[in-house]
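Reading through the structure tokens given below for one structure.
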Amino acid sequence: MRDTTSLSVGREALYSLASKLAMALVGFGGTVVFARLLGPSGLGVYRTALSVAFIATQISGGVGTAVKKRVSEVDTDPGAFFGAGLIAHAGITIAVLVGLALFIDPAAEYFGSIEVALGAVAVVATLGLFNVVNRMYAGIGYPARSSWMDTIRSVVTLGFQLLFLWVGMEAFGLLAGLALGTLASALLATVTAGIRPTVPDREIFKRVYDFARQSVPNGLLANFYSSADVMIITAVVGTAATGLYTTALQLVMPAAMLAGSIGGALGVRTSGRSSAGEAVDQDLLNAMSYTGLFAVPMFFGALAMPRAIPRTLFGPEFAAAGAALIGMALFQIGNVYAKPFESTFQGIDQPGVVLRVNLLVLVFHLPLAVILGTEYGLIGVVGATVMAEGIRIAVYQVLAYREFDRIAVARPMAEQFVSAGAMYLMLEVVLTTVGVRNWVVLVALVGAGAAVYFGTLFVISSHFRATLGSSLPVGLPVFDDE
């Protein structure tokens, strides 16, 4: 177990980023194959079942977060907390199985078949187990390695999914492949972590419960919020629209990779520093400086080529996802800027703050998404999500000011928007004479856009140059207020 108080957020974030890049490539490749083989409707069935499963998985995920928090504190016994997490997950899995047995008919009707319903439950059981194991692994001081374990899970899962698709199992095969690949990865993570679970005493359970009573509903709210769009779109528009939404969301997922890497390391570091009585506000500010490094240019890129990107990658029937792509790219900007706040407040043992923010956003989002979705279809639901993220960021900034006597805004954030604006202007000029007709042209335009964005950022941002000059493996440097 490593000393979490001196954990390098930058180094861990960089190593985690590499894993998330690999995971994004795997996920993107899988989505392309799934979309072309199943079409918008078949992909929508799979995504709907997955959204429901992900909500139920958050119960075990919240327990895993509590275990991660406790084992990251100084002078703790990780084996006992690991044992408590496994026992809690076993009880949760039994409860889900009983629930399915009681409501098997309505579940089969909603998902379209009993097989898909059973596949969703299998995902709940195996992914919940993986979350407990892998978050414990991150909490003992190895957030980057745990991120790579998730990448391994993605690769193994995709292999099983392609195999099951090949034999004609369609949406159920995707769920079964996910469950089987996740189970194998959970066992591998357990061996790699090297922590043997022990029987916890009552005090250990109490400490896990004290944090989990906030992190479990927090995880449920957060995931229900992210999954609600799919369920609402399926209910008011149909599975074909859900398929379009899924491809739009998949295209902007890389925007959150760096933010996720930073957030994972930041949570462990702030937990260690807070438990030792040290300040964490500078860690939050540093994280905010670069959490949007990918999300900002991706939004401007989507704005320049909204229909061309999904049409070229997924096929002509997915060109209709263009408007949703712009909206989801804007959503990701809010999403990535929220992650450092969540990691910091959880790290300083205030998960209730995150819970209350998530509840507020959900209460605002749900009725608005239903109303706008009924009136405007897919784009109405996406619009509601974008507005909800705007409220989330505003509330977090107010809370940060109350907690740390400062808002979390830094100059590099503005410089990234200016650089992305320059990239957008370049693309607009080029697209007046060049049409996006194939992969080659699209890749060339994306590469040129990235070159303009990072080149402009390098020229106008002394902080970005200093970060590169200090050698990225060393991490994100602390900087003075400007």
### Query
Is there a donor-acceptor contact under 3.5 Å from the side chain of Gln416 to the main chain of Pro412?
yes

| query | Hey, does Val353 have a side-chain heavy atom less than 4.5 Å from the side chain of Arg356? | reply | yes

Quiz item: How are the rings of Tyr337 and Phe417 set relative to one another: parallel (under 30°), tilted (30 to 60°) or perpendicular (over 60°)?
Solution: parallel

For Pro297 and Ala420, the nearest pair of non-hydrogen atoms, with its separation, is CA-CB, 3.9 Å

- Message: Applying side-chain contact (heavy atoms from CB on, under 4.5 Å) to Met149 and Phe130, what does each step give before you reach the verdict?
- Response: CA-CA 10 Å; Met149 192 61 64; Phe130 180 81; 4.1 Å; yes

From CA spacing to verdict: side-chain contact (heavy atoms from CB on, under 4.5 Å), Gln397, Val409: CA-CA 9 Å; Gln397 289 287 7; Val409 175; 3.7 Å; yes

* Would Glu389 and Arg392 satisfy salt bridge (Lys or Arg N to Asp or Glu O under 4.0 Å), going step by step from the backbone distance to the final call? -> CA-CA 5 Å; Glu389 283 303 303; Arg392 185 192 305 275; 3.2 Å; yes

d(Leu284 CG, Phe345 CZ) to nearest 0.5 Å is 7.5 Å

(Q) So that I can tick it off, tell me whether Asp150 and Arg153 are bridged by a salt bridge, with the cut-off set at under 4.0 angstrom between side-chain N and carboxylate O. (A) yes

For Ala186 and Val133 the tightest heavy-atom approach is O-CG1, 3.9 Å

Can you check whether Gly128's main-chain N or O pairs, donor with acceptor, with Thr57's side chain at less than 3.5 Å?
no

Check your understanding: Would you find more than 12 non-hydrogen atoms of other residues, nucleotides or ligands less than 6.0 Å from Met231 atom CE?
Key -> yes

Side chain to side chain donor-acceptor pair (under 3.5 Å) between Arg135 and Thr65: does it pass, once the steps are laid out? CA-CA 6 Å; Arg135 292 181 190 184; Thr65 299; 2.8 Å; yes

Ser51 versus Arg47, side-chain donor and acceptor atoms under 3.5 Å: yes

| query | With distance as the sole test, does His89 use its side chain to make a donor-acceptor pair with the main-chain N or O of Gly61 at under 3.5 Å? | reply | no

Original post:
Checking Thr291 side chain against Val336 main chain: does a donor-acceptor pair fall under 3.5 Å?
Top reply: yes

message = Set out, in order, the CA-CA distance, both residues' side-chain angles and the distance that settles side-chain contact (heavy atoms from CB on, under 4.5 Å) for Ile232 and Leu366, then state yes or no.
response = CA-CA 9 Å; Ile232 292 172; Leu366 281 182; 4.2 Å; yes

* **Parallel, tilted or perpendicular: ring planes of Phe454 versus Phe294, cut at 30 and 60 degrees** => perpendicular

One should read off an interatomic distance between Leu325 CG and Leu330 CG, to the nearest 0.5 angstrom, of 11.5 Å

Nearest heavy-atom approach of Ala189 to Asn134 is CB-OD1, 4.2 Å

Test side chain to side chain contact (heavy atoms under 4.5 Å, CB included), reference Phe82, set Ile87, Ile140, Thr198, Thr190, output is Thr190

- [ ] List the steps and the verdict of side-chain contact (heavy atoms from CB on, under 4.5 Å) for Leu38 and Leu165.
- [x] CA-CA 10 Å; Leu38 300 179; Leu165 273 180; 4.3 Å; yes

Indicate the ring-plane relationship of Tyr290 and Phe464, choosing parallel, tilted or perpendicular according to the 30° and 60° boundaries.
tilted

